[in-house]
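A short worksheet on the structure shown next.
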Amino acid sequence: MPSKKRQVEVIKAEVPVWLAEKFRRYVAEKYGLRRGAISRAIIDMIMKELGLQEAETGETIDPIVGLGLSSDYQWDGEDLVEALRRRAKLVPSRR
C-alpha cells in the first residue's frame with residue numbers, strides 16, 4: 001500500500017541575522033504565529049517567483065490594518081490582536 005505521507009524536502013540556507021529577523025517579523029504579521037508559517041511563506045514566495053501561482057489578495061492582515069488606519073483608533077505599537085480586542089471592548093485597557 002503506498003504511503004500517503006506528503007513528500008517534502010528540507011532546504012537549508014544561510015542568511016544574514018538581520019534579514020532572518022526581518023523575515024520572521026514579516027511572516028508573523030502576514031501568516032500569524034501558527035506552526036509551519038515560515039514554511040508556508042517560503043513556499044508561497046517561491047511559487048510566486050516562479051510564476052506557479054498568482055499573488056493572493058485579501059487573505060492577509062492588510063485589509064485589517066487598512067481598516068484600522070481608516071478608523072479613529074490611535075495605535076501605540078502594542079500587540080495588534082490585543083489592540084483589536086480592546087477596541088472591541090473584549091479586554092480592559094492597560095493604560
Side-chain angles (χ1 to χ4, degrees):
M1 180 172 203
S3 173
K4 292 188 177 191
K5 186 175 181 180
R6 194 176 101 201
Q7 291 183 347
V8 296
E9 182 175 337
V10 176
I11 298 174
K12 292 177 106 178
E14 292 182 8
V15 297
V17 172
W18 68 268
L19 184 58
E21 290 172 355
K22 191 168 188 144
F23 182 68
R24 282 191 182 97
R25 266 187 253 117
Y26 165 80
V27 170
E29 290 172 3
K30 183 171 180 178
Y31 294 83
L33 299 173
R34 296 179 302 269
R35 183 177 179 174
I38 291 179
S39 294
R40 181 77 249 160
I42 292 171
I43 290 168
D44 287 351
M45 292 175 130
I46 291 172
M47 290 183 72
K48 183 177 161 187
E49 191 63 30
L50 295 177
L52 301 174
Q53 79 177 20
E54 293 297 318
E56 298 174 8
T57 58
E59 296 182 12
T60 66
I61 197 166
D62 296 341
I64 296 171
V65 172
L67 180 62
L69 291 174
S70 65
S71 75
D72 63 343
Y73 183 73
Q74 182 67 33
W75 184 59
D76 295 325
E78 69 274 27
D79 179 70
L80 182 59
V81 173
E82 183 180 324
L84 291 172
R85 284 183 182 150
R86 191 170 42 255
R87 176 76 171 169
K89 306 214 186 313
L90 297 174
V91 295
S93 176
R94 292 185 189 172
R95 295 180 201 190

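Positions are given from 1 along the sequence.
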Cluster overlap [X] with [Y], hydrophobic side-chain contacts below 4.5 Å:
X: L50; Y: I43; result: yes
X: W18; Y: Y26; result: no
X: I42; Y: L19; result: no

Check step by step if side-chain contact (heavy atoms from CB on, under 4.5 Å) holds for F23 and V15. CA-CA 10 Å; F23 182 68; V15 297; over 6 Å; no

Hey, what do you get for CG (D44) to CE (M47), rounding to the nearest 0.5 Å?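 If I round to the nearest 0.5 Å, the distance is 7.5 Å.
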
Minimum heavy-atom distance A37-G32, with the two atoms named: CB-O, 3.6 Å

Please report the closest heavy-atom contact between V27 and I38, naming both atoms and the distance. CG1-N, 3.8 Å

